[in-house]
2 protein chains.
Amino acid sequence: MAKILPLFSLKHLLLVSLALNVSLIWRIIYDSERELLDAGFSVQQQRRSVMAGCGLQGKESVSKKTHMSLSSSASSSSSLTATTNIESQDGGERVINLDHGDPTMYEKYWHKVGDKTTIVIPGWQSLSYFSDVSNLCWFLEPEFAKEVVRLHKVVGNAITENRHIVVGTGSTQLFQAALYALSSQDASEPISVVSAAPFYSSYPSITDCLKSGLYKWAGDAKTFNRDGPYIELVTSPNNPDGFVRQSVVNRSGGILVHDLAYYWPQYTSISYPADHDLMLFTVSKSTGHAGTRIGWALVKDTEVAKKMTKYIELNTIGVSKDSQLRAAKVLKVVANSCEPSGDEDECFFEFSHHQMTMRWNQLRMAVQKSGLFSVPDFPPQFCTFLGRAFGPQPAFAWLKCEQDIEDCESFLKGNKILTRSGKHFGFSPAYVRISMLDRDENFNLFVQRLSNIVS
Amino acid sequence: MAKILPLFSLKHLLLVSLALNVSLIWRIIYDSERELLDAGFSVQQQRRSVMAGCGLQGKESVSKKTHMSLSSSASSSSSLTATTNIESQDGGERVINLDHGDPTMYEKYWHKVGDKTTIVIPGWQSLSYFSDVSNLCWFLEPEFAKEVVRLHKVVGNAITENRHIVVGTGSTQLFQAALYALSSQDASEPISVVSAAPFYSSYPSITDCLKSGLYKWAGDAKTFNRDGPYIELVTSPNNPDGFVRQSVVNRSGGILVHDLAYYWPQYTSISYPADHDLMLFTVSKSTGHAGTRIGWALVKDTEVAKKMTKYIELNTIGVSKDSQLRAAKVLKVVANSCEPSGDEDECFFEFSHHQMTMRWNQLRMAVQKSGLFSVPDFPPQFCTFLGRAFGPQPAFAWLKCEQDIEDCESFLKGNKILTRSGKHFGFSPAYVRISMLDRDENFNLFVQRLSNIVS
């Protein structure tokens with residue numbers, strides 16, 4: 001008994017010490033959230049005044065909105081402090097996987113919104129292959145099409161008038177549908193597909209995986225000088241680096257595909273409603289519903305829309321109706337939340353924009369503290385939707401290892417942070433792409449660990 | 001007033017006449033349903049005794065089962081009589097489209113089952129791309145995988161042990177995943193893809209649509225004599241003609257893909273649990289949920305399963321989670337309904353088998369009455385699941401126009417019946433494929449119209 005007592009006391013002491021830690025962390029978080037609460041008010045007030053200026057009426061339920069911010073946010077400084085504890089508990093042993101752009105950050109918002117986005121599908125519904133035989137895209141659910149048009153109108157990020165909507169199993173399938181539609185079955189050789197480096201790492205492998213005789217990956221658009229027709233992929237804001245982009249190949253015979261997956265106000269300023277011939281969007285990156293696998297294309301040319309529809313018919317005989325119905329509901333709730341006449345939830349884009357602002361602040365602080373890395377600086381631009389100017393806060397960080405670290409991916413892997421090397425994006429391996437859309441716990445652990453990597 | 005009265009009386013007379021028609025039709029239907037009711041009992045009794053023989057316990061809730069048969073069935077003779085009225089009302093003007101195999105026939109069962117198959121998906125669920133990172137097929141929902149295994153066990157139509165399950169956006173995507181997985185990236189020329197004619201009309205166009213350098217459609221397996229490796233597609237029972245099939249190319253170097261979309265007890269006898277290297281299934285044709293776009297592959301070889309998964313990753317970054325969860329629920333309800341220890345609904349396969357029996361009876365009667373057509377005769381075979389012998393009753397009728405009608409599709413189109421010509425199946429245009437899975441109203445109208453086409 002005499003031997004057990006000292007051990008027991010030690011455990012007690014540890015317990016008291018841990019309790020003290022917890023209470024201190026709690027206090028810090030509470031204080032910083034108070035700051036955030038104040039900041040939250042000004043954000044809301046700004047937005048209201050802008051919307052009033054556009055003839056829209058601001059929402060009054062600020063108390064609910066700020067409650068949501070309160071319980072879901074932590075300022076960058078508090079997160080760094082709080083995760084010190086997580087990191088030390090973790091001992092730097094846990095592998096942090098930020099290789100994929102898995103948008104689990106958004107779960108928090110959808111939890112808060114609750115039942116409004118719940119969908120109920122009875123067993124006898126949606127048995128048929130067909131959604132709307134009168135539509136060129138016969139597998140497009142009318143309800144989904146309606147909400148796509150409405151959301152673009154609310155956000156002001158794309159023209160939908162005089163366009164066909166083609167739905168796809170994510171924008172990845174639509175990208176392939178576009179390649180099929182824009183290439184010629186009779187051409188003597190495959191059409192070149194290019195994009196300015198750094199380009200989305202999956203473009204080359206998707207384009208070339210079947211060794212198609214219709215199209216062929218031809219690399220960096222900036223150095224492309226082959227004669228003949230070509231397809232240029234313009235991703236704006238760009239994956240991986242977040243910059244706003246335009247076509248770079250400046251000659252005739254080119255067909256443009258605009259991948260606008262990230263042209264939403266949480267990531268970048270909405271400076272104009274995009275008005276291109278073929279534009280791709282996806283719920284994965286707009287609302288975070290990657291698991292539903294729903295994307296859409298806005299297509300000007302009827303023949304191109306028909307051929308894209310044909311591709312999806314051959315590839316998967318249409319697109320899941322269940323997911324289309326679910327996506328329709330999600331888009332509806334988003335539009336409702338951001339329309340002044342809508343319901344009382346915090347506007348989805350205000351919420352997610354705020355999340356991204358905080359995360360980029362955290363990241364920049366960690367980069368500064370470490371001294372081993374750099375991230376791009378972006379010029380601010382006025383956003384017609386949020387009514388203020390801000391710089392891009394991309395879904396991915398395009399991080400550079402400084403001080404002669406040649407292989408940034410391996411270097412970070414040594415610190416148990418999984419990222420994607422710049423070489424996959426047609427660029428230098430001194431760069432890596434890092435997802436900024438993971439859950440709070442992972443993201444906070446990541447910035448904490450990054451800030452502690454010093455030369 | 002004098003002028004109005006005769007008109008009024010005429011209308012009254014018409015009303016009385018119509019009422020008489022309705023009551024007569026009702027009487028005929030009632031009588032035939034009584035016959036059916038008696039037949040229904042023996043079906044159930046047979047099934048119970050078989051299941052008892054397999055160590056399974058038969059279900060007792062016959063009254064509910066027969067009630068379902070009662071309200072959803074009409075014998076062939078009564079249907080022909082009843083649709084005489086529909087046809088004459090319709091005046092033969094309505095276009096009957098049976099070109100596609102749209103499985104809307106199954107709506108009836110799912111309506112009857114009611115809320116049991118309803119799925120509720122909250123807005124915060126299934127945001128991530130990933131379903132199960134520990135699984136080779138990382139986008140496979142574990143719940144769906146579980147129900148696939150269970151249903152195959154209940155029906156006894158496929159071995160699932162020591163197989164990987166790969167989920168796809170319908171079996172069409174899985175077919176392409178299989179071509180990708182079974183071909184070599186390093187081969188000097190594309191591998192030949194063959195199937196015995198008449199083959200599924202979409203095989204050639206899906207295989208060749210992208211002019212792949214990996215694989216190439218090489219036509220009828222029966223006449224295939226090229227050297228080198230090849231992929232043979234074995235569809236059993238076959239689409240379009242319903243016959244049970246085996247590989248026909250008898251030499252080495254061949255890789256088999258078994259498309260078993262129709263190997264379910266409503267269409268054919270389950271004579272053994274299929275035990276092939278690569279087997280494809282789909283909910284579209286097993287339960288009728290085509291709009292969910294969910295199929296699955298049972299794959300023996302780990303490397304093949306990995307490459308199939310890779311294809312689906314490149315093609316659509318996984319498969320709708322919403323649809324997988326819905327399909328899991330549907331398969332669960334089907335298995336429950338057919339397991340003696342399950343719930344009180346009529347076994348899904350008993351119900352749908354009975355539907356198909358009636359439809360084939362109706363079709364054969366119409367063919368006989370017309371004298372201008374023929375359909376295949378099938379030998380009966382013992383079904384281990386239903387515990388009795390019967391001939392195939394395929395999801396499509398492979399109808400031949402007799403009496404020197406060369407273009408059967410055009411001939412039927414002249415009668416406002418849309419079908420798919422035999423030429424699309426690598427066969428004679430004297431044949432057409434006709435869907436047997438449309439809603440009652442359309443199917444009844446079709447057999448009625450067909451029976452009235454005489455030379």
Side-chain angles (χ1 to χ4, degrees), chain A residues 100 102-104 106-111 113-131 168-170 172-173 176 180 185 190 202 205-206 209-214 284 288-294 311 314-323 326 329-330 333, chain B residues 100 102-104 106-111 113-131 168-170 172-173 176 180 185 190 202 205-206 209-214 284 288-294 311 314-323 326 329-330 333:
Chain A
H100 300 92
D102 206 26
T104 44
Y106 292 101
E107 284 168 353
K108 204 159 55 178
Y109 182 86
W110 297 112
H111 264 293
V113 168
D115 286 345
K116 273 182 196 150
T117 333
T118 299
I119 187 161
V120 178
I121 309 176
W124 45 264
Q125 198 176 293
S126 310
L127 266 74
S128 173
Y129 288 100
F130 300 94
S131 292
T169 311
T172 298
Q173 188 182 37
Q176 290 156 90
Y180 174 80
Q185 290 280 337
S202 292
S205 46
I206 294 172
C209 68
L210 299 181
K211 293 189 172 179
S212 173
L214 301 180
S284 303
H289 290 81
T292 64
R293 310 305 313 116
I294 292 291
Y311 173 82
L314 287 166
N315 191 214
T316 53
I317 321 185
V319 174
S320 162
K321 286 187 177 187
D322 313 313
S323 285
R326 190 170 178 223
K329 189 128 190 191
V330 168
V333 170
Chain B
H100 300 92
D102 207 27
T104 44
Y106 292 101
E107 286 168 352
K108 201 159 58 178
Y109 182 85
W110 297 112
H111 263 292
V113 168
D115 287 345
K116 272 181 197 150
T117 334
T118 299
I119 186 161
V120 178
I121 309 176
W124 46 263
Q125 197 176 294
S126 310
L127 266 76
S128 173
Y129 288 100
F130 301 94
S131 292
T169 311
T172 298
Q173 187 182 37
Q176 290 156 89
Y180 173 80
Q185 289 281 339
S202 292
S205 48
I206 293 173
C209 68
L210 300 182
K211 293 188 172 180
S212 173
L214 301 180
S284 304
H289 290 82
T292 64
R293 311 305 313 117
I294 292 292
Y311 173 81
L314 287 166
N315 191 213
T316 53
I317 321 185
V319 174
S320 163
K321 285 187 176 186
D322 314 312
S323 285
R326 189 169 180 225
K329 189 128 188 191
V330 168
V333 171

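In what follows, every chain begins at residue 1, and chains take the letters A, B, ... in the order their sequences are listed. The figures that follow rest on heavy atoms only: side chains count, while hydrogens, waters and symmetry mates do not. For clarity, every value in this text was computed on a predicted model and none was experimentally measured.
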Subject >> A:W124: partners by ring pair (Phe, Tyr, Trp, His ring centres under 6.0 Å), with sequence neighbours left out >> reply: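 Here the qualifying residues are B:H111.
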
Original post:
Between OG of B:S323 and CZ of A:R326, what distance do you get to the nearest 0.5 Å?
Top reply: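 Answer for the OG-CZ pair, B:S323 versus A:R326, is 10.5 Å.
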
Original post:
In Å, rounded to the nearest 0.5 Å, how long is the span from CD of B:Q125 to OG1 of A:T117?
Top reply: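 Separation between the atoms: 12.0 Å.
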
**OP:** Determine yes or no for a side-chain-to-main-chain donor-acceptor pair under 3.5 angstrom, with A:Q185 supplying the side chain and B:L210 the backbone.
**Re:**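 Here the side-chain-to-backbone pair does not exist.
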
How close do [X] and [Y] get, counting heavy atoms only, and between which atoms?
{"X": "A:T118", "Y": "B:P122", "value": "OG1-CA, 3.6 Å"}
{"X": "A:D102", "Y": "B:F130", "value": "OD2-CD1, 3.5 Å"}
{"X": "B:C209", "Y": "A:Y180", "value": "O-CE1, 3.6 Å"}
{"X": "A:G123", "Y": "B:H289", "value": "O-NE2, 2.7 Å"}
{"X": "A:T104", "Y": "B:S128", "value": "CG2-CB, 3.9 Å"}
{"X": "A:R293", "Y": "B:V319", "value": "CG-C, 3.8 Å"}

Subject >> Sole candidate of B:I121, B:D322, B:L127 that passes side-chain contact (heavy atoms from CB on, under 4.5 Å) when paired with A:T292 >> reply: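 With A:T292 as partner, B:I121, B:D322, B:L127 yield a single side-chain contact (heavy atoms from CB on, under 4.5 Å), made by B:D322.
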
**OP:** Please lay out, stage by stage, how A:N315 and B:Q176 fare under the test side chain to side chain donor-acceptor pair (under 3.5 Å).
**Re:** CA-CA 8 Å; A:N315 191 214; B:Q176 290 156 89; 3.0 Å; yes

Original post:
Using non-hydrogen atoms only, which part of A:V330 is less than 4.5 Å away from chain B: side chain, backbone, both, or neither?
Top reply: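 Contact with chain B involves no heavy atom of A:V330 at all.
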
Subject >> Top contributor to chain A interface from B:P103, B:S131, B:S202, B:S212 [non-hydrogen pairs under 4.5 Å] >> reply: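 Most heavy-atom pairs within the cutoff with chain A belong to B:S212.
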
Subject >> A:T169 versus B:T316, side-chain donor and acceptor atoms under 3.5 Å >> reply: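 There is no such pair between these side chains.
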
Original post:
Heavy-atom distance under 4.5 Å to chain A: side chain of B:D115, backbone, both or neither?
Top reply: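 Contact with chain A: none, neither part.
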
